[in-house]
Each structure stands twice: as structure tokens, then as C-alpha cells.
2 protein chains.
Amino acid sequence: MKNTIRIERAVLNISQAELADRVQVTRQTINAIELEKYAPSAVLAMKIARVFGKKVEEVFELEEGD
Amino acid sequence: MKNTIRIERAVLNISQAELADRVQVTRQTINAIELEKYAPSAVLAMKIARVFGKKVEEVFELEEGD
DNA sequence: TCTTTGTGTAAAATATATTTTACATTATGT
DNA sequence: ACATAATGTAAAATATATTTTACACAAAGA
């Protein structure tokens, strides 16, 4: 599961901690998803996309293995 | 996490088993999500929306508690 | 240089999603 | 009435996501 979280964070100029705060998870969770250590839940993916003012599909992309 | 899976299935006229097949999960998983016993992963939510030719946000909706 | 902020990481614990197997119920068609 | 397809459900096992606590490192500013 690819994502553009790092880029979208840069657009908003917010830290991983700030994003974590806004979607109510820990900073480590944001870090893990951003580095693609695992894929988020649908709830979290929707919250993250919402912070960025984007659709889920604009932030997250399915890969072959998914 | 609300969803319109039942309606979208009706539009396509496919069973829970058929949808499960198309997104590569078990029929019970589709049933549980459709009845909102739990929320799907982001990967599964995206696959389901894709089958319906819709955006994730058109099929799934965040609720207060989420 | 010292302090602060942002990021990467790791192990253990907990929460949640998904599978497997199995059975019951409801609807549909013949 | 009978057969079949579709749905609801449940318990146990497994997989995966998330939290918690903690530490290391790099960059930036005072």
C-alpha cells in the first residue's frame, strides 16, 4: 500500500506528531504507515485523507500484493 | 463506520459470496462488514469501492465514534 | 555548545480484523 | 413440498494494526 503522506504533510507543513494528533493516533503509527511498514485501517485512512482535503484514493494506492 | 455495501451489491446484483470472491476475502468477512460488526482495513475498503466503481468515501462513511 | 524538534526504530502488550468450520434461518424457484 | 441459494451467526485460531515505553540520531535555532 503506497501513500503520499510525506508529500501531503509537506504541503500543510505539519510534523508526524501534529498529524498523529489530528487523527488521534500515536506518532509511531503515522511513522509506520508513512514508511509503509503496514497499511492503516479504513477509519484511519479516511481520517488522514480528510486532514489533507483529499479522497482516500488520492493519498493511498493499492499495490500488486494487496 | 457506516457503509452502502448492501445497496451497491443490489445495483450490481451480486451476492455476498460473489463480492467476497472478487475482493479475495471470505463471505463471512463481507457479511460482518456489511452488518457493521467491524470496520474493514483500508486495503479491503479500497477493493470493495473499486468493485462498485466508487470512491471509498462514497461507500464508507466515518461516524462519531470512529 | 546547548536545547529543542523531528524522525527512525524496537520489543512487548493490547486491540482489532480475518479465516476456518460449522450450523441455523430465510428467501426463491421448481 | 422440496431443493437450493443467500444470509446471519458463533467460537476458536491466526494475522495484522495500534499503543506504550524507550532510546538513538540528525537538523535547526538560541
Side-chain angles (χ1 to χ4, degrees):
Chain A
M1 179 93 155
K2 278 168 43 177
N3 71 78
T4 59
I5 294 177
R6 177 147 314 196
I7 292 168
E8 299 301 335
R9 275 200 308 107
V11 171
L12 289 192
N13 194 34
I14 62 177
S15 66
Q16 291 179 347
E18 171 71 15
L19 176 57
D21 250 22
R22 295 210 202 169
V23 298
Q24 320 223 66
V25 294
T26 62
R27 178 181 69 79
Q28 285 82 344
T29 295
I30 296 299
N31 184 262
I33 293 166
E34 189 168 310
L35 299 183
E36 295 170 16
K37 301 186 108 193
Y38 50 75
S41 67
V43 167
L44 182 49
M46 291 180 76
K47 285 180 175 179
I48 291 172
R50 191 174 56 181
V51 165
F52 296 148
K54 304 239 162 168
K55 301 284 187 187
V56 168
E57 283 87 350
E58 294 174 316
V59 179
F60 299 94
E61 185 181 359
L62 286 176
E63 296 187 278
E64 283 304 326
D66 294 332
Chain B
M1 181 91 157
K2 279 171 36 178
N3 71 78
T4 59
I5 294 176
R6 177 147 314 194
I7 292 168
E8 298 301 336
R9 276 200 309 106
V11 171
L12 289 193
N13 194 33
I14 62 177
S15 66
Q16 291 179 347
E18 170 72 14
L19 176 56
D21 250 21
R22 294 210 202 170
V23 298
Q24 321 224 65
V25 294
T26 63
R27 178 181 68 81
Q28 286 81 345
T29 294
I30 296 299
N31 184 262
I33 293 166
E34 189 168 310
L35 298 183
E36 294 170 16
K37 301 188 107 191
Y38 50 74
S41 66
V43 167
L44 182 50
M46 291 180 75
K47 285 181 176 179
I48 290 172
R50 191 173 56 180
V51 165
F52 296 148
K54 303 237 160 169
K55 301 285 187 186
V56 168
E57 283 86 351
E58 294 176 315
V59 178
F60 299 94
E61 186 183 357
L62 286 177
E63 296 186 279
E64 283 304 326
D66 293 332

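In what follows, chains are A, B, ... by sequence order, proteins preceding strands, each numbered from 1. These numbers were taken from a predicted model, which means no experiment stands behind them.
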### Query
Ile5(A), Leu35(A): one ILVMFWY side-chain cluster at the under-4.5 Å cut-off?
no
### Task
Between dT18(C), dT19(D), dT9(D), spot the one nearest the side chain of Leu35(B), thanks.
dT9(D)
#### Entry: Distance, rounded to the nearest Å, where Tyr38(B) contributes OH and dT16(D) contributes C1'
12 Å
#### Entry: Partner residues of Lys54(A) under the salt bridge (Lys or Arg N to Asp or Glu O under 4.0 Å) criterion, sequence neighbours left out
Glu8(A)
### Query
Just checking Thr29(A): base, sugar-phosphate only, or nothing, at a heavy-atom cut-off of under 4.0 Å?
base
### Query
Rounding to a whole Å, what distance do you find between Glu34(A):CD and dG8(C):C1'?
11 Å
### Summary
Those residues at least two apart in sequence (or on a different chain) that pass side-chain hydrogen bond (donor to acceptor under 3.5 Å, both in side chains) with Asn3(B) are none
### Task
In whole angstrom, give the distance that lies between atom CG of Asn31(A) and atom C1' of dA24(D).
13 Å
#### Entry: Nearest-Å distance for atom pair CE/P, residues Met46(A) and dA17(D)
18 Å
### Task
Could you tell me whether the side chain of Lys47(B) and the main chain of Asp66(A) form a donor-acceptor pair under 3.5 Å?
yes
### Task
Considering just the side-chain nitrogens and oxygens of Ser41(B), establish if one lies under 4.0 Å of OP1 or OP2 belonging to dT18(C).
yes
### Task
Output the distance between atom OG1 (Thr26(B)) and atom CG (Asp21(B)), rounded to the nearest 0.5 Å.
10.5 Å
### Task
May I ask you to verify whether the side chain of Gln28(A) and the base of dT21(D) hold a donor-acceptor pair under 3.5 Å?
yes
### Query
Rounded to the nearest Å, what distance is computed from the CG atom of residue Asp21(B) to the C1' atom of nucleotide dA6(D)?
14 Å
#### Entry: Between C1' of dG6(C) and CG of Leu19(A), the distance in whole Å
14 Å
### Query
Where the side chain of Arg27(B) is defined as all heavy atoms beyond and including C-beta, which of dT18(D), dT19(C), dG8(D) is the nearest nucleotide?
dG8(D)
### Under-4.0 Å side-chain N/O to phosphate OP1/OP2 contact, Thr26(B) with dT19(C)
yes
### Task
Tell me which residues in residues 1-18 of chain A put a heavy atom below 4.0 Å from DNA chain C, sorted by number, or none.
Arg6(A), Arg9(A), Ser15(A), Gln16(A)
### Message
Just the rounded figure in Å: distance from P of dA17(D) to CZ of Phe60(A).
### Response
12 Å
### Query
Would you call Arg6(A)-Glu34(A) a salt bridge at under 4.0 Å N-O?
yes
### Query
Does one hydrophobic cluster hold both Ile30(A) and Val11(A), with members joined at side-chain heavy-atom distances below 4.5 Å?
no
### Task
Consider the side chain of Val25(A), meaning its heavy atoms from C-beta on, and name the nucleotide among dA10(C), dT18(C), dT18(D) that approaches it most closely.
dT18(D)
## Note on the structure
Rounded to whole Å, the CD1-C1' distance (Ile30(A) to dT18(D)) equals 11 Å
### Query
Hey, does Ala32(B) reach any base, or is it just sugar-phosphate, or nothing, if we go heavy atoms under 4.0 Å?
nothing
